[in-house]
Student: 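First the structure, then my questions, so here it is.
Just so you know, ligand 1 is whichever comes first in the structure, and atom 1 is the first atom listed for that ligand. When a residue number appears, it is its place in the shown sequence, counting from 1. Computed from a predicted model, the values in this text were never measured in an experiment.
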Amino acid sequence: MSFSDKVIYQIYPKSFLDTTGNGIGDLRGIIQKLDYLKELGIDMLWLNPFYPSPQRDNGYDISDYTAINPDFGTMADFEELVYQAKQHGIELMLDMVLNHVSIEHEWFQKALAGDADYQDFFILRDEPTDWVSKFGGSAWAPFGDTGKYYLHLYDVTQADLNWRNPKVRQALYDVVNFWQDKGVNGFRFDVINVIGKDAKLRNHAANDGKPEYTDKPITHDYLRELNEKTFGKNPSAITVGEMSSTTIENCVLYTRSDRHELTMTFNFHHLKVDYENGQKWTLQRFDFAKLRQLFHDWGEQMSQAGGWNALFWNNHDQPRALNRFIDVQHFRVKGATMLAASIHLSRGTPYIYMGEEIGMLDPNFDTITDYVDVESKNAYQMLLKHGKSASEALTIIKAKSRDNSRIPMAWDNSANGGFTTGTPWLKAGYYESINVAKDKDGEIFKFYQMLIRLRKEMPIVAEGNYHAVYRDDANIYAFEREWHGQRMLVLNNFTNHIANYEPLATYKDATLLVNNDVSFTDGQLQPYQSVALIIGGI
Ligand SMILES: O=P(O)(O)OC[C@H]1O[C@H](O[C@H]2O[C@H](CO)[C@@H](O)[C@H](O)[C@H]2O)[C@H](O)[C@@H](O)[C@@H]1O
């Protein structure tokens, strides 16, 4: 497999590095940091959307698919980024938001103006169904003064596209090909498993309507066609589908190589183990048993069926994993390296979200007005409506807001962490104590470098099968990898105390390949200790 030894780094361009002083990160900022990224060792950069957009959902509301938002730079800057990145041995992965467009997109505007061809680009109905938008409220909004309603699974300004219309599909394939022709070899497809709405558009009060549009069989047909018409003939292409509320069975189908759909999938089940009754806007300690079980289920079943996982703890939609899963007051560094080992040594493609490699944390904003994200703002109002006090609602937003990970990258301890000389679009976090200048030679960064190197040097890390070990341990998440007679045992203590276990006789004479602590005694792990033991030769 040509992709299994790759590691992908996610950049939220708006918050990476601003070279113009307008408070918004830009493409030239990414070019400036290519040496840093090369030193880390990553292979591909996933960039969140930088296309023209009213920014109602921070760029996921696209008004022109094949241009650059001037805040981020020009097409010439983009072409230089592709060129310079390749010079550094780094490929680009672009975010393709093909489920919906901004209502400012010319397709929607033409539809509103009465063009029947373009009206068929959207999902219009005389009567709304009872589906709920993922950002709150009804998923339908009045379509001008036509008396009809258009579907928006996300914000009211993000109109869902009608994938049943072949003209829509072709227009979207043209978009992918436009960027591929510019030298882009990676594509991340936003919420791609919701593009195939059921033909009947029925009410479905249970589950907010999700079963009517999630993982429908027709989506697999669309993905095969997308593959055939765009990246399918590009041997360097790497693709990942963001799958909302998906299943293992579907992700196997999306990623099995003989199916010609996608290379890998993101699922989010492991990042909902701290939701009370499945609800995001709640406060609850994470359920380790649930997390461990999910990792084992996805690890084993994808391995057995030939599927491929995208492995990640952080992204632009999630609060930092360090704040969620680790006692950061006492074990930030150890916790960061343990989290890293637990996915980088597993089967799948690891993603690193900017700042993770130096252990960046959530900020602790003082007021709700510091938050920018549309989902967080809606959630705050919803919490107040449901009887929470302003301070209770703010505490929940602080823990759960997507802005937690969207704060500016901390480069040094100068104003705003060296991200901008102007006023940042979103307040900076703890840059005085955690920043690249200070932490690039630190334990976390070096540990990530080592893990990335191991994936390239050791086929067992890149390709080995996955088996669960110590399935029911209350503290340890452990798995075994196996590749041509070689075996590797990975043990991760997810607690802030010592965890004991019964050593496995098979690994009695094993070599210690990875250890994030100073010493190791088989049978006992220190708080947040991670080790990998290997037998069968190195
Ligand atoms: O939580 P899930 O139902 O499993 O969904 C996964 C994520 O889907 C959404 O994320 C993406 O699409 C949004 C609309 O384009 C965009 O706002 C977001 O930035 C994209 O990554 C959802 O917004 C996330 O919260 C979910 O985690």
Student: So for ligand 1, is Lys210 a polar contact partner (N or O within less than 3.5 Å, distance only)?
Tutor: no
Student: Does Phe135 come within less than 4.0 angstrom of ligand 1, counting non-hydrogen atoms of the residue?
Tutor: yes
Student: Of all the heavy-atom pairs spanning Pro424 and Pro408, show the shortest one and how long it is.
Tutor: CB-CG, 4.1 Å
Student: Where is the tightest heavy-atom contact between Ser102 and Ser63, given as atom of each residue plus distance?
Tutor: CB-N, 4.1 Å
Student: To the nearest 0.1 Å, how far is atom 7 (C) of ligand 1 from its closest protein heavy atom, and which atom is that?
Tutor: Glu242 OE2, 3.3 Å
Student: Looking only at protein heavy atoms, identify the closest one to atom 26 (C) of ligand 1 and say how far it is in Å.
Tutor: Asp317 OD2, 4.2 Å
Student: Let me see the working for Glu212 and His204 under side chain to side chain donor-acceptor pair (under 3.5 Å), right down to the final yes or no.
Tutor: CA-CA 7 Å; Glu212 298 299 313; His204 202 128; 2.8 Å; yes
Student: Judging by distance only, is a nitrogen or oxygen of Lys280 under 3.5 angstrom from one on ligand 1?
Tutor: no
Student: Is any side-chain heavy atom of Asp274 closer than 4.5 Å to a side-chain heavy atom of Arg285?
Tutor: no
Student: So, is the end of the Lys388 side chain (NZ or CZ) under 6.0 Å from the ring centre of Trp281 and within 45° of the ring's axis?
Tutor: no
Student: Using the six-membered ring wherever Trp is involved, compare the ring planes of Phe78 and Phe50 and label them parallel, tilted or perpendicular (cut-offs 30° and 60°).
Tutor: tilted
Student: What residue and atom, counting heavy atoms only, is the protein's closest point to atom 16 (C) of ligand 1, and at what distance?
Tutor: Asp57 OD2, 3.4 Å
Student: Heavy-atom contact under 4.0 Å between Arg56 and ligand 1?
Tutor: no
Student: Nearest protein heavy atom to atom 15 (O) of ligand 1, by residue and atom, and its distance?
Tutor: Asp190 OD2, 2.7 Å
Student: How are the rings of Trp131 and Trp140 set to each other: parallel, tilted or perpendicular (split at 30° and 60°)?
Tutor: tilted
Student: What's the shortest distance from atom 23 (O) of ligand 1 to any protein heavy atom, and which residue and atom give it?
Tutor: Arg402 NH1, 3.0 Å
Student: Relative to the heavy atoms of Arg406, which atoms of ligand 1 are at a distance of less than 4.0 Å?
Tutor: 19 (O)
Student: So which heavy atom in the protein is nearest atom 1 (O) of ligand 1, and how far is it from that ligand atom?
Tutor: Lys272 NZ, 3.0 Å
Student: Just jot down the ligand 1 atoms closer than 4.0 angstrom to any heavy atom of His316, in number order.
Tutor: 18 (C), 19 (O), 20 (C), 21 (O)
Student: Go through the steps for Asp370 and Lys398 under the test salt bridge (Lys or Arg N to Asp or Glu O under 4.0 Å), then give the verdict.
Tutor: CA-CA 10 Å; Asp370 289 334; Lys398 277 187 190 195; over 6 Å; no
Student: For ligand 1, which atoms sit closer than 4.0 Å to a heavy atom of Val191?
Tutor: 8 (O), 9 (C), 11 (C), 12 (O)
Student: State which residue, out of Asp61, Asp155, Asp373, fulfils the salt bridge (charged side-chain N to carboxylate O under 4.0 Å, His left out) condition with Arg56.
Tutor: Asp155
Student: For atom 3 (O) of ligand 1, what's the nearest protein heavy atom and its distance?
Tutor: Ser244 OG, 2.7 Å
Student: Is the closest heavy atom of His100 to ligand 1 under 4.0 Å?
Tutor: yes
Student: If I compare all heavy atoms of Leu271 with all of Tyr275, which pair ends up nearest, and what's the gap?
Tutor: O-CE1, 3.6 Å
